[in-house]
Amino acid sequence: MKRLILLAATALIIVSCDIALFDEKLSLDDNPFIFPIVIESGKDGNDTLDFIVISDAHLNRELRDSNIWRNTDNFLLFIEESDVDAVLLLGDMIDDAVDIDYESMHSFLSLMKERLDDGTPIIYTLGNHDANKGSSVEAWEKEFGQGSMEAYRISDTMIYKLNSSFRIFGHDQLRALEDAMRNNRAGYNIILTHVPLGAKGLDQSLFEFTIADIDERNALLKIIDENGSTLTFSGHHHKGAVLNSWSERHKEYIFSAFHKRDLFGLESEGYYFLVRLNQQSGDVSIQGFQIDNTNPEIDNPDIEVNFRI
């Protein structure tokens with residue numbers, strides 16, 4: 001028993017030191033959310049917004065235990081036939097911040113852009129693997145030409161892309177988000193974070209799978225509760241298809257990984273998703289399609305979740 005207490009205390013000290021170190025790395029001079037990038041919807045009318053969402057592709061990991069590229073054609077055909085407002089990538093699209101992984105990601109992005117309508121944005125959230133497990137955010141931002149913290153506006157919806165690659169948000173990022181959400185009033189908010197706010201069962205007690213600082217998570221939940229109806233999208237733990245209901249107006253969906261890992265069947269079977277938000281009613285539809293599905297039909301998804309915010 002004493003040994004367990006000692007181990008727990010040691011782990012807590014290590015986590016506390018890491019949080020302090022990473023919080024300094026997330027310090028901000030300016031608010032990255034205060035002036036949102038405006039996205040024009042290509043659809044007639046603004047009642048609904050549609051998004052393709054994928055997370056945790058871990059490109060090049062298939063050399064060891066899966067084969068992402070064999071499934072690419074199915075996914076590309078799906079996005080070509082879908083009329084979406086944006087593609088949301090929720091992090092860990094590469095497995096390590098090395099040249100061969102960056103090259104694979106650029107190839108993957110080019111293939112998507114060829115199939116999307118001109119001007120459809122691809123919003124890429126930073127994951128812990130994307131920046132060499134959190135050590136080089138600047139390199140990632142330079143490589144892909146996107147900030148790790150940004151805001152976007154489509155119609156009556158704000159999208160806030162957060163940096164959770166260190167498994168915390170940091171005091172500056174939370175303050176900046178709070179100021180921006182109060183300033184950029186919108187009917188709906190979408191929060192993009194690679195690391196989930198919360199999970200179920202054992203995962204909730206493991207810092208690897210959720211935001212490490214519970215006080216930060218609660219601070220974020222308070223900010224969200226004070227600023228309207230919100231969807232939080234996350235990935236990271238590869239056991240996705242989890243819906244967390246934080247309040248009547250705030251739901252978090254943890255997406256299954258795009259990466260298909262066959263080893264022992266312990267991880268995701270491989271999915272991409274179509275999300276629809278009705279800005280009049282607050283109805284949300286999330287449909288998931290397996291990457292091995294050679295004939296995906298929007299009317300016949302492999303996963304379907306419907307709720308309201």
Fill in: Flag, side chain of Glu304 to backbone of Pro301, donor-acceptor distance under 3.5 Å
no

Item to complete: Would you indicate whether the side-chain heavy atoms of Val38 and Glu40 approach each other to under 4.5 Å?
Response: yes

Worksheet entry | Beyond-backbone contact of Asp179 with Phe33, side-chain heavy atoms, under 4.5 angstrom | no

Item to complete: Locate the shortest heavy-atom distance separating Tyr152 from Lys161; write the atom from each residue and the value.
Response: OH-NZ, 3.6 Å

Worksheet item: Taking it one step at a time, do Phe75 and Phe258 satisfy ring-ring contact (aromatic ring centres under 6.0 Å, His included)?
Response: CA-CA 10 Å; Phe75 171 66; Phe258 186 77; 5.3 Å; yes

Worksheet item: Atom NZ in Lys251, atom CZ in Arg249: separation rounded to 0.5 Å?
Response: 10.5 Å

Worksheet item: How far does CD1 of Ile54 sit from OH of Tyr272, to the nearest 0.5 angstrom?
Response: 10.5 Å

Worksheet, complete the sentence: When rounded to the nearest 0.5 Å, the distance separating CG of Asn227 from NE2 of His250 is 11.5 Å

Practice prompt. Using a strict 4.0 Å threshold on nitrogen-to-oxygen distance, state whether Glu138 and Lys142 make a salt bridge.
Written response: no

Worksheet entry | Straight-line distance of Ile211 CD1 to Ser234 OG, nearest 0.5 Å | 9.0 Å

Worksheet entry | Side-chain ion pair, Arg175 and Asp172, N-O less than 4.0 Å | yes

Worksheet item: Any side-chain donor paired with an acceptor under 3.5 Å for Ser165 and His194?
Response: no

Worksheet entry | Separation of Ser155 OG from Ile39 CD1 (nearest 0.5 Å) | 11.5 Å

Worksheet item: Of the options Leu231, Asp85, Ile191, Leu192, which is the one that meets Ile159 in a side-chain contact (heavy atoms from CB on, under 4.5 Å)?
Response: Leu192

Worksheet entry | Passing candidate, ring pair (Phe, Tyr, Trp, His ring centres under 6.0 Å) with Phe255, options Phe273, Phe289, Phe51 | Phe273

Discussion item. Using 30° and 60° as the class boundaries, would you call the ring planes of His238 and His259 parallel, tilted or perpendicular?
Written reply: perpendicular

